[in-house]
There are 2 protein chains.
Amino acid sequence: MKNKVPEYRKIYGYSQDKLAEKLGVSRQTIISIEKGKYNPSLPLAMIMAKVFETNVESIFFLEEEDYR
Amino acid sequence: MKNKVPEYRKIYGYSQDKLAEKLGVSRQTIISIEKGKYNPSLPLAMIMAKVFETNVESIFFLEEEDYR
DNA sequence: CTTTATTGTAAAGGAAGCTTGACGTAAAAT
DNA sequence: ATTTTACGTCAAGCTTCCTTTACAATAAAG
């Protein structure tokens with residue numbers, strides 16, 4: 001699954017640290033999500049969408065590998 | 001987190017079993033999500049939205065408890 | 001040059017998502 | 001009356017998400 005978290009984060013001028021704080025998660029979580037190490041939980045993805053004033057599908061993108 | 005999975009599922013005339021098959025997960029997973037036992041993963045939520053021809057935010061709804 | 005800010009890696013452990021299998025109940029179909 | 005369909009519970013076990021802690025690299029700022 002690809003994502004545009006870094007792009008949205010930069011638009012809002014947030015560091016990974018600040019975004020983590022805003023979302024109530026650790027900085028590691030942000031790094032891992034941005035790097036594609038794993039996907040955020042659904043609530044975290046939805047809170048992100050809210051913070052970035054958009055919807056989940058504008059930030060996260062399904063790929064082949066996501067279908068089983 | 002609340003959801004309208006049962007509503008969408010019935011609109012499409014799917015049993016839990018058939019929906020599970022369409023999504024590539026077990027029936028238990030559908031039951032647990034519908035009953036609010038736990039949240040789907042982000043990719044599963046997005047695949048659901050696709051199957052139901054809508055977006056994630058129309059099926060799943062953040063609540064107070066989702067913010068930490 | 002030293003400090004500070006930002007991004008990154010690694011690893012261990014806890015919490016949440018998902019699977020499989022077995023079993024129970026109720027309603028509809030034959 | 002028996003079978004089938006649909007929904008549900010419980011439990012064990014694996015995988016994925018997320019946390020914390022510690023350490024490293026780079027670049028910009030003082």
Side-chain angles (χ1 to χ4, degrees):
Chain A
M1 183 129 98
K2 289 227 170 78
N3 75 78
K4 291 190 173 160
V5 175
E7 285 86 340
Y8 277 98
R9 181 167 61 76
K10 280 159 197 166
I11 288 173
Y12 283 78
Y14 296 151
S15 64
Q16 293 176 336
D17 208 29
K18 190 164 184 178
L19 178 59
E21 190 188 347
K22 276 204 173 287
L23 298 172
V25 296
S26 69
R27 186 173 63 96
Q28 256 313 313
T29 296
I30 303 300
I31 291 175
S32 299
I33 290 168
E34 288 194 357
K35 289 263 143 186
K37 281 200 163 191
Y38 55 68
N39 303 315
S41 68
L42 179 56
L44 181 51
M46 292 182 73
I47 294 170
M48 268 196 187
K50 239 186 159 183
V51 165
F52 292 145
E53 299 172 295
T54 184
N55 54 328
V56 168
E57 281 88 349
S58 298
I59 307 178
F60 298 96
F61 306 91
L62 285 174
E63 292 179 296
E64 271 306 323
E65 54 180 12
D66 296 313
Y67 297 90
R68 299 141 239 199
Chain B
M1 182 130 98
K2 288 227 172 79
N3 74 80
K4 291 190 174 160
V5 174
E7 286 85 340
Y8 277 98
R9 181 167 62 75
K10 280 157 195 165
I11 289 172
Y12 283 78
Y14 297 150
S15 64
Q16 294 176 333
D17 208 29
K18 189 163 185 179
L19 178 59
E21 190 187 346
K22 276 203 174 289
L23 297 172
V25 296
S26 70
R27 187 172 63 94
Q28 254 314 311
T29 296
I30 303 300
I31 291 174
S32 299
I33 290 168
E34 288 194 358
K35 289 264 142 186
K37 282 200 163 193
Y38 55 67
N39 302 316
S41 66
L42 178 56
L44 182 50
M46 293 183 73
I47 294 171
M48 268 195 187
K50 241 187 158 182
V51 164
F52 292 145
E53 299 172 295
T54 185
N55 53 329
V56 169
E57 281 89 348
S58 298
I59 308 178
F60 299 96
F61 306 90
L62 284 174
E63 293 179 296
E64 271 306 323
E65 53 180 11
D66 296 313
Y67 297 89
R68 296 143 242 197

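So you know, we letter chains A, B, ... as the sequences are listed, proteins then strands, and number each from 1.
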Nearest-angstrom distance from the residue atom NZ of A:Lys10 to P of C:dA5: 19 Å

Same hydrophobic cluster for A:Ile30 and B:Tyr67, using side-chain heavy-atom links shorter than 4.5 Å among ILVMFWY? yes

Using five pairs at either end of the helix from C:dC1-D:dG30 to C:dT30-D:dA1, determine the angle between the two local helix axes and round it to 10 degrees. 30°

Within residues 32-44 of chain B: residues closer than 4.0 Å to DNA chain C (heavy atoms): B:Tyr38, B:Asn39, B:Pro40, B:Ser41, B:Leu44

I need the CG-P distance between A:Leu19 and C:dT6, as an integer number of Å. 13 Å

Kindly indicate, with the supporting measurements, whether the criterion side chain to side chain donor-acceptor pair (under 3.5 Å) is fulfilled by B:Thr29 and B:Ser26. CA-CA 5 Å; B:Thr29 296; B:Ser26 70; 3.1 Å; yes

Rounded to whole Å, how long is the line connecting atom CG of B:Asp17 with atom P of C:dT19? 13 Å

Integer-rounded Å distance: C:dA15 P and B:Asp66 CG: 18 Å

Which part of the nucleic acid does B:Ser15 contact within heavy-atom distance under 4.0 Å: base, sugar-phosphate only, or nothing? sugar-phosphate

Taken to the nearest whole Å, CD1/A:Ile31 to P/D:dC17 is 16 Å

Establish, with yes or no, whether the OP1 or OP2 oxygen of C:dC18 is under 4.0 angstrom from a side-chain nitrogen or oxygen of B:Thr29. no

How close or far is atom P of D:dC7 from atom NZ of B:Lys18, stated in whole angstroms? 12 Å

According to a 4.5 Å side-chain heavy-atom criterion applied to Ile, Leu, Val, Met, Phe, Trp and Tyr, with indirect links allowed, do B:Ile59 and A:Ile59 form part of one hydrophobic cluster? yes

Honestly curious: do B:Val51 and A:Met1 fall in one hydrophobic cluster under the side-chain, below-4.5 Å linking rule? yes

Does any non-hydrogen side-chain atom of B:Glu57 lie less than 4.5 Å from one of A:Glu57? yes

Using whole Å, what does the distance between atom P of nucleotide C:dA5 and atom CD of A:Glu21 come to? 14 Å

What do you reckon, is CD of B:Glu7 surrounded by more than 12 foreign heavy atoms closer than 6.0 Å? yes

With sequence neighbours excluded, give me every ring pair (Phe, Tyr, Trp, His ring centres under 6.0 Å) pair touching residues 20-59 of chain B. B:Tyr8-B:Phe52, B:Tyr12-B:Phe52

Name the closest nucleotide to the A:Gln16 side chain, picking from C:dG8, D:dC18, C:dC18. C:dG8

Going by modelled atom types, is there a donor-acceptor pair between the base of C:dT7 and the side chain of A:Gln28 at under 3.5 Å? no

Could you state the atom-to-atom distance from CG of A:Leu23 to P of D:dC18 in whole Å? 11 Å

Hey, is the side chain of B:Arg27 pairing donor to acceptor with the base of C:dG21 inside 3.5 Å? no

Quick one, A:Ile33 and A:Val25 - any side-chain contact, counting heavy atoms below 4.5 Å? no

